[in-house]
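Take a look at the structure set out below.
So that the names make sense, note that chain A is the first sequence line, chain B the second, and so on, each numbered from 1. Predicted model only: the values in this text are computed from it and were never measured.
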There are 2 protein chains.
Amino acid sequence: MVKKEKKRKVVLASGTFDLLHLGHVKFLEEAKKMGGENAELVVIVARDNTVKNRKGKKPVMPEDQRRALVESLKVVDEAILGLEDFSIDKVIEKIKPDIIAVGHDQNGIEKEVQKSIEKEKFDIEVAKIGRFGKRELDSSSKIMRKIIESFNK
Amino acid sequence: MVKKEKKRKVVLASGTFDLLHLGHVKFLEEAKKMGGENAELVVIVARDNTVKNRKGKKPVMPEDQRRALVESLKVVDEAILGLEDFSIDKVIEKIKPDIIAVGHDQNGIEKEVQKSIEKEKFDIEVAKIGRFGKRELDSSSKIMRKIIESFNK
């Protein structure tokens with residue numbers, strides 16, 4: 001009897017991943033789990049200019065370093081920089097994910113993804129990932145605040 | 001003919017790994033390469049109190065988060081927290097490394113390792129790892145400086 005090989009599910013996650021911390025890793029681990037055993041996790045790392053346009057400020061770490069650091073994580077199969085001309089439709093057409101994971105603080109992205117799925121009739125599941133615990137320093141802005149506070153002491 | 005299995009070389013590296021960046025990953029990758037194919041990389045992550053005693057200040061990220069983040073890197077086989085009562089001899093006896101890798105900014109550790117090897121007659125190679133490129137933001141203190149400067153603008 002030949003065992004039929006199960007298709008490997010592709011999970012897509014995205015983020016800025018500035019000042020990499022354990023909250024990022026937990027988010028990516030939870031995202032990958034959504035694809036079941038043997039899932040492949042592809043991560044889109046936001047370009048400096050995309051972050052600047054959205055949040056008014058470039059990240060601390062430049063985009064090539066953020067991308068390489070994310071790809072050096074065990075849980076990540078592939079990390080790629082976002083498109084210069086950001087478009088959810090184009091990203092989906094390129095990666096062809098089975099699942100798109102969105103973090104607790106990614107409501108904007110979630111809405112755009114839902115809109116794109118409805119419009120293009122993509123067969124994609126959207127998985128919302130909860131926040132991991134109530135730990136300190138699980139966000140880049142908290143880390144920055146701690147650094148600035150300790151400097152001003 | 002039975003092929004004799006080669007012993008897997010154990011490489012030991014250590015550091016604080018506060019605000020994880022690409023310089024850390026490159027250091028660990030170079031360290032692992034020193035052990036040849038199939039090497040095992042064990043990383044000692046310094047305790048908060050050890051850093052405070054040595055540098056006068058605790059790291060930004062707490063020790064358990066620094067350890068878990070280092071262990072989530074592809075290149076790392078095992079990351080363990082340093083001993084509360086820091087001693088190079090005890091670390092070497094516990095890990096039994098074939099190679100100890102020291103970074104370009106770890107002269108103090110290098111001297112302690114050399115002294116311990118001579119005193120205890122350990123059969124261990126010490127490998128000095130160069131700095132990776134001349135990139136910006138390959139040190140935690142540079143990253144902190146950038147955050148503080150951008151805040152004061």
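Side-chain contact check for A/Ile88 versus A/Ile100: every heavy-atom pair is 4.5 Å or farther apart.
A search for side-chain contact (heavy atoms from CB on, under 4.5 Å) contacts involving B/Met144 returns A/Ile147, B/Asp18, B/Leu19, B/Val60, not counting sequence neighbours.
At a heavy-atom cut-off of under 4.5 Å, chain A is reached by B/Glu71, B/Ser72, B/Leu73, B/Lys74, B/Val76 from residues 70-77 of chain B, listed in order of number.
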Open item on the list: If you apply the rule side chain to side chain contact (heavy atoms under 4.5 Å, CB included), what do you find for B/Glu78 with B/Leu41, and how did you get there?
Closed with: CA-CA 7 Å; B/Glu78 197 185 352; B/Leu41 179 64; over 6 Å; no
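For A/Arg54 and A/Glu112, the salt-bridge test passes: some basic side-chain N is under 4.0 Å from an acidic carboxylate O. A salt bridge links B/Glu30 and B/Lys33; the closest N-O separation between the charged side-chain nitrogens and carboxylate oxygens is under 4.0 Å.
The heavy-atom pair separating A/Leu22 from B/Leu69 by the smallest distance is CD1-N, 3.8 Å.
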